[in-house]
Amino acid sequence: MVLTAEHEIHGEESDLDPTPPTLHIPKPTHLHPLIPKPTPKPTHLHPLIPKPTPKPTNLHPFIWIQLRPPDLVFCIEVLLGLSLCHIQRPEYKRFAEYLAELEEAEGTFDRFTLSYQYFGIQRRSDNGLVLREWAPGAEAVFLTGDFNAWEKQSHPFTQKEFGKWELYLSPKVDKSPVIKHLTKLKLVVLTKTGEYVFRISPWAKYVTKMLDSVTYDWTHWDPPQPYQFQHPRPPRPSSLRIYEAHVGIGSPEEKIASYKNFTRDVLPRIKDLGYNCVQLMAIMEHAYYASFGYQVTNFFAASSRFGIPDDLKHLVDTAHSMGITVLLDVVHSHASSNTEDGLNYFDGTDSCFFHGGSRGNHSLWGSRLFNYSRSIEEGGLGFDYRLTMAVPDKWIQVLKEVWDEDWDLGNIVHTLTNRRRGEASVTYAESHDQALVGDKSLAFWLMDKEMYTNMSALIAMTPVIDRGIQLHKLIRLLTHSLGGEGYLNFIGNEFGHPEWLDFPRKGNNESYYYARRQFNLVDIEHLRYRQLYAFDRDMNLTEDKYGWLAAGQAAVTTLNQADKVIVFERANLLFVFNFHPCNSYSDYRVAVEHAGKYPFNRELQKTTVPDSSEQPFITANPEQRQTHPTAPLIPPGLLFREQGLRGAAGDELHQLKASHQGLYLIMAQAASPLGGE
């Protein structure tokens with residue numbers, strides 16, 4: 001669903017077409033998250049403090065949005081935010097008719113989605129093979145390959161209804177399949193123009209490329225002893241912490257890394273960092289490596305450039321043994337424009353899987369756009385999480401355009417919290433988009449060329465590195481704790497990977513230098529990348545203990561632009577951030593929901609806080625109407641330095657004397673609302 005960005009939402013009739021003559025639009029306080037919203041003047045009062053009474057309005061509480069392309073118009077109820085009312089138009093009527101036809105032919109929509117169990121090559125219990133394809137524009141379809149000495153027309157398919165084609169191959173005399181494991185195959189399609197063209201089945205499970213070839217070959221994958229999974233899929237985590245990764249770059253070496261390498265070297269790091277989910281990019285086969293997996297040629301084939309399918313299965317199995325859920329990144333909006341080893345012109349027409357004509361071409365990517373019918377009666381197919389794409393864009397924007405001492409904290413907090421309640425979101429400070437060539441990662445924006453020369457702890461810390469490290473931690477923790485119900489990190493960003501990501505291509509002389517992740521930087525003890533890695537690990541482990549991602553949205557109780565202080569409560573924790581570049585604050589008063597004693601949380605500074613037999617705490621006075629704990633000190637770069645407690649977030653204590661950036665405090669709320677320990 002795309003909102004028309006050129007239309008602003010005002011307290012009057014919408015200028016979208018068509019406009020209902022009797023429907024007016026109020027000035028809503030909770031806009032859809034995709035609708036641009038002016039930066040508010042943040043007050044962020046404690047939820048117990050009464051809000052001003054809003055001005056009454058007689059306008060109907062709806063806003064109008066338009067889908068692009070303009071197939072349907074919805075009205076969304078602003079006050080509830082979730083309920084939809086539909087205006088039926090001829091397009092929706094046609095959709096309902098198509099859905100009814102589909103369900104009549106396939107039984108159910110769910111059964112239709114399991115096409116990989118029906119199409120392609122299916123081996124029966126007696127080793128007979130059933131081959132099915134969908135090629136509505138073809139005049140005839142044949143199978144050829146090693147098994148029949150590449151005879152083009154010896155094995156014709158039979159045409160069925162709804163554009164389906166079917167071929168049955170009886171087992172051999174010895175009861176073995178006619179097509180053996182690793183046999184090379186091709187489909188031969190006779191087009192309506194009388195041309196014979198070679199194609200790969202859209203449901204091929206394995207495709208390979210010879211070094212001297214420019215296209216991929218269909219290689220039949222049916223091992224005599226299929227891989228047997230040893231470990232069950234882990235239960236769905238309540239707090240989702242995702243490690244977004246690319247198998248091919250998962251090594252410091254200048255080459256394409258393998259599934260085996262990822263299993264051996266990367267999965268243990270993911271486990272150690274406290275992530276409970278790995279999202280693997282570029283697994284579906286793509287002929288052009290530099291497309292980052294976004295120009296898929298074979299949607300049901302695991303990329304052979306990383307290894308065989310069983311290597312991927314072993315990777316998944318090993319991840320499951322570690323309690324790590326595995327997600328495979330799915331590119332479902334467009335596909336490669338390749339014909340011989342892709343889906344383009346599969347049956348000889350440009351509209352077999354895609355929109356015909358110019359509508360089916362993505363001019364910027366040079367790819368093909370699928371022709372989907374979208375279910376709107378049930379709200380689409382449904383998703384478990386949204387991606388808060390505005391959050392990383394906001395961080396990159398402020399780093400590019402504004403000095404950190406001038407950051408608008410209200411605008412940042414608004415971006416982090418501007419999501420609809422009841423719809424879980426995965427938040428992230430940066431992803432692969434920010435690492436790609438043409439942009440910079442957060443660490444590179446913060447420290448730039450000094451990352452090449454000044455990341456060693458054997459030399460004095462420079463102001464740029466000191467500020468960059470502290471800001472890197474601040475940004476990630478604030479995003480992690482305030483920005484969503486799930487958290488995502490792209491491979492290498494947890495330790496501030498230097499430089500950018502660029503795959504081999506003609507423009508860089510097919511170099512792999514930037515198509516790798518330099519994990520060796522973390523393994524060198526005197527490099528400060530280890531400190532960022534340790535912080536990321538402790539951040540995840542602290543969340544695992546307290547579960548703020550699984551809790552409701554945070555209540556921001558203090559947002560002081562002048563002091564650069566942000567305070568919020570979530571999951572029975574009190575978060576205090578000081579973003580001021582130089583000011584420390586003593587006896588700083590902040591609102592809390594419950595009176596009592598608030599012990600310091602040492603999870604994120606356990607390596608620098610000395611042991612103490614008595615747990616330090618801050619007391620919230622129950623006699624005060626609005627309970628304010630008196631914080632002893634919120635200094636820049638340090639946490640608290642009273643009651644014998646000293647601490648920092650990753651750097652040695654003596655190195656923090658010249659710190660240029662404030663950090664944070666997490667305090668566990670009182671177990672009892674009236675002064676309990």
Side-chain angles (χ1 to χ4, degrees), residues 39-46 394-395 397-417 429 442-443 445-447 461-483 532 535 539 554 556-569 573-592 600-601 604-605 608 618 628-642 645-651 653 655-667:
T39 302
K41 295 180 179 179
T43 55
H44 296 277
L45 299 174
H46 188 274
K394 173 57 63 177
W395 286 124
Q397 177 198 353
V398 298
L399 287 173
K400 284 182 179 180
E401 301 176 1
V402 186
W403 292 106
D404 63 273
E405 58 264 30
D406 297 323
W407 284 357
D408 184 343
L409 297 187
N411 183 258
I412 292 173
V413 168
H414 169 72
T415 303
L416 288 167
T417 57
L442 292 182
W445 275 111
L446 290 165
M447 295 173 278
M461 181 181 287
T462 66
V464 170
I465 295 297
D466 184 22
R467 182 184 68 170
I469 286 177
Q470 301 296 347
L471 273 176
H472 194 269
K473 297 171 182 175
L474 273 167
I475 290 171
R476 297 173 76 81
L477 179 60
L478 184 63
T479 302
H480 200 304
S481 55
L482 187 61
L532 294 175
F535 176 83
M539 177 175 66
V556 180
T557 56
T558 300
L559 203 164
N560 192 310
Q561 178 66 24
D563 294 345
K564 301 294 185 183
V565 170
I566 302 172
V567 182
F568 58 88
E569 297 177 76
L573 297 174
L574 178 66
F575 293 79
V576 181
F577 288 77
N578 176 18
F579 274 85
H580 204 286
C582 53
N583 285 357
S584 301
Y585 303 106
S586 299
D587 299 325
Y588 202 90
R589 293 157 64 87
V590 298
V592 295
F600 291 112
N601 185 318
L604 293 180
Q605 63 267 20
T608 53
I618 293 176
H628 296 271
T630 301
L633 183 68
I634 309 181
L638 296 174
L639 285 168
F640 288 83
R641 292 183 292 190
E642 284 198 5
L645 178 66
R646 299 183 303 164
D651 297 312
L653 208 57
Q655 296 172 337
L656 286 164
K657 294 179 180 178
S659 176
H660 289 262
Q661 195 61 42
L663 213 60
Y664 52 85
L665 166 71
I666 304 178
M667 292 181 292

Can you name the nearest heavy-atom pair linking [X] to [Y], along with the distance?
X      : Y      : value
Lys394 : Thr415 : CE-OG1, 3.5 Å
Thr479 : Ala429 : CG2-N, 3.8 Å
Leu574 : Val590 : CD2-CG2, 4.5 Å
Pro581 : Glu405 : CG-CB, 3.7 Å
Lys564 : Asp406 : NZ-C, 3.9 Å
Leu532 : His472 : CD2-ND1, 3.9 Å

Practice prompt. For residues Val592 and Thr557, determine if any side-chain heavy atom of one lies less than 4.5 Å from a side-chain heavy atom of the other.
Written response: no

Discussion item. Is any side-chain heavy atom of His580 closer than 4.5 Å to one of Tyr585?
Written reply: yes

Rounded distance (nearest 0.5 Å) linking atom [atom1] of [X] with atom [atom2] of [Y]:
X      : Y      : atom1 : atom2 : value
Phe579 : Ile566 : CZ    : CD1   : 5.0 Å
Met539 : His480 : CE    : NE2   : 4.5 Å
Leu477 : Phe575 : CG    : CZ    : 6.5 Å
Leu409 : His414 : CG    : NE2   : 14.5 Å
Asp563 : Thr558 : CG    : OG1   : 10.0 Å
Ile475 : Ile412 : CD1   : CD1   : 8.0 Å

Worksheet entry | Donor-acceptor contact present, side-chain Gln561 to main-chain Trp407, <3.5 Å | yes

Worksheet item: Of all residues at least two apart in sequence or in a different chain, which pass the side-chain contact (heavy atoms from CB on, under 4.5 Å) check with Leu482?
Response: Val413, Leu416, Thr417, Leu478, Ala554, Val556, Phe568

